[in-house]
Number of protein chains: 2
Amino acid sequence: MNFKKVPLTAIRRLSIYARMLAGLEADGKQQVSSRDLGETASIPSTQVRKDLAYFGQFGKRGSGYSVKELGFRLRKILGIDRAWNVALVGAGNLGRALFSYPGFSKQGFRIVAVFDNSPGKVNKSWKGTRIQSIKELSKTVREKNISIGIVAVPASGAQEVADEMCKAGIKAVLNFAPKRLKVPTGCMQANVDLAIELENFSYYLSKLR
Amino acid sequence: MNFKKVPLTAIRRLSIYARMLAGLEADGKQQVSSRDLGETASIPSTQVRKDLAYFGQFGKRGSGYSVKELGFRLRKILGIDRAWNVALVGAGNLGRALFSYPGFSKQGFRIVAVFDNSPGKVNKSWKGTRIQSIKELSKTVREKNISIGIVAVPASGAQEVADEMCKAGIKAVLNFAPKRLKVPTGCMQANVDLAIELENFSYYLSKLR
DNA sequence: TAGATTGTTAATCGATTAACAATC
DNA sequence: TAGATTGTTAATCGATTAACAATC
């Protein structure tokens, strides 16, 4: 399959193109060239064409790409032509922020279940979504056809939560705890490690002087 | 300088090693090998040694690295041997979560100022930190010696905030808005784009069937 | 010493960029 | 047609991994 051969970085750029195309479509633009697409993100046109070439031929020589058509195809490739159900574990400050984050629902990622362990939080509701005990995770994942999990608990509990998720059949885990998780092969994980981002900065800032 | 030649990915791994060393030190471990260091994060020992080699020779052939010594040196290299002052712009849900995020202060990143534009928020206080109008950004950055900025506002206002930050002398911008920012050369930016992470997932999930 | 592990050079791998024929 | 822009092959670049002499 071509699956394994597409670099992850290319997929990330595809997301950028898709977002840009949505904007162009809203502006009523009909055609766009690989040069235009790359320009605002400082991506060479040749990189844009290469990224697209992993998935097919979408353009017309001489005139570029149809904004509408390419947007449609990219959304399809990225799987954002449909909705995905998401489970959020951790109803603290971060969980709350993620729950209300407008960027998720806009792309069809729906947080349909929220979990926490603290007795003070369980059975409270956020905008009509009841906070459930983690014990209910497995059942709910099946019932609500959830395929993505977000870990927004402290580092100490993160691995346990991830284990539960994978056992319940979740195939992709977005982790905010500052700790790399072990997940079974076939389960995908992405880590948003805020401390590492800031440490990158402090490295750079230290070098400045 | 060796500055330009060190890959960014190597710096990120350095953060991982530093974190691991802190754990080992807490456990009372004295020595550690490159193999041990890489193991839990699935990084080959040869990669670990290569990463360290960008900055010097820290080990003893035959016995490995002193946990204490290497930890100290890495913290120094990463610039986390001292505190950094941070400005947070955007006092919404996300801003609130970042403000309370324990991982920041633990590493010496101190959010010493919070800004927002909404009249309903300005002059309110979070744990003793007054929310200021963005108009005060420049002045406060100078007064409080702030070198890092966090953008936690919606996409529509993000560029404007980043401009203000860079003009005020901030040299590193962590951006949570789903939008790549333009910053002057010499200013560093990192983007935490949650939508792109999830779109990666949906790509992967779509391919699974 | 013998065993272990470093630091570094060389080989490999993969991704980015350049070049250009194809063609709208 | 002439100008523009694609899709793709080849060249370049940079990072990862393997190998191994140095040495504790």
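Residue numbering restarts at 1 for every chain, and letters A, B, ... go by the order of the sequence lines. The basis for the numbers below is simple: all heavy atoms, side chains too, and nothing from hydrogens, waters or symmetry mates.
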Can you list the residues that meet the ring-ring contact (aromatic ring centres under 6.0 Å, His included) rule with B/Phe99, with sequence neighbours excluded? B/Trp126
How would you list, by chain and number, every residue that makes a salt bridge (charged side-chain N to carboxylate O under 4.0 Å, His left out) with B/Glu25, sequence neighbours excluded? none
List, one per line, each side-chain donor-acceptor pair under 3.5 Å for residues 137-154 of chain A, sequence neighbours excluded.
residue	atom	partner	partner atom	Å
A/Thr140	OG1	A/Gln132	NE2	3.0
A/Thr140	OG1	A/Glu136	O	2.9
A/Lys144	NZ	A/Val112	O	3.1

Can you pull the salt bridge (Lys or Arg N to Asp or Glu O under 4.0 Å) pairs that have at least one residue in residues 74-92 of chain B, sequence neighbours excluded? none
Solution key, residues 32-48 of chain B side-chain donor-acceptor pairs under 3.5 Å, sequence neighbours excluded:
residue	atom	partner	partner atom	Å
B/Ser33	OG	B/Arg35	N	3.4
B/Ser33	OG	B/Asp36	N	3.1
B/Ser33	OG	B/Asp36	OD2	3.2
B/Ser34	OG	B/Arg49	NH1	3.0
B/Asp36	OD2	B/Ser33	N	3.3
B/Ser45	OG	B/Arg49	NH1	3.2
B/Gln47	OE1	B/Arg13	NH2	3.0

Qualifying residues under side chain to side chain donor-acceptor pair (under 3.5 Å), relative to B/Glu199, sequence neighbours excluded: A/Ser15
Rounded to the nearest angstrom, tell me the gap between atom CG in B/Asp51 and atom P in D/dA15. 11 Å
Taking only residues two or more places apart in sequence or in another chain, which ones pass side chain to side chain donor-acceptor pair (under 3.5 Å) with B/Tyr17? B/Asp51
Sequence neighbours left out, what passes ring-ring contact (aromatic ring centres under 6.0 Å, His included) with A/Phe58? Give chain and number order. none
Rounded to the nearest angstrom, tell me the gap between atom NZ in B/Lys5 and atom C1' in D/dG14. 12 Å
Nucleotide-resolved protein contact map, nucleotides 1-9 of chain D, B/S/- at heavy-atom distance under 4.0 Å: ---BBBBSB
Apply the test side-chain contact (heavy atoms from CB on, under 4.5 Å) to residues A/Val89 and A/Met165: give CA-CA distance (whole Å), side-chain angles for both, the deciding distance (0.1 Å), then the verdict. CA-CA 9 Å; A/Val89 179; A/Met165 285 180 170; 3.5 Å; yes
By salt bridge (charged side-chain N to carboxylate O under 4.0 Å, His left out), which residues pair with A/Arg180, not counting sequence neighbours? none
Just the dot-bracket of DNA chain C, please: which string comes out with Watson-Crick or G-U pairs under 3.5 Å, [ ] for crossing, | for another strand? ..||||||||||||||||||||||
Neighbours of DNA chain D within residues 10-30 of chain B, by heavy-atom distance under 4.0 Å: B/Arg13
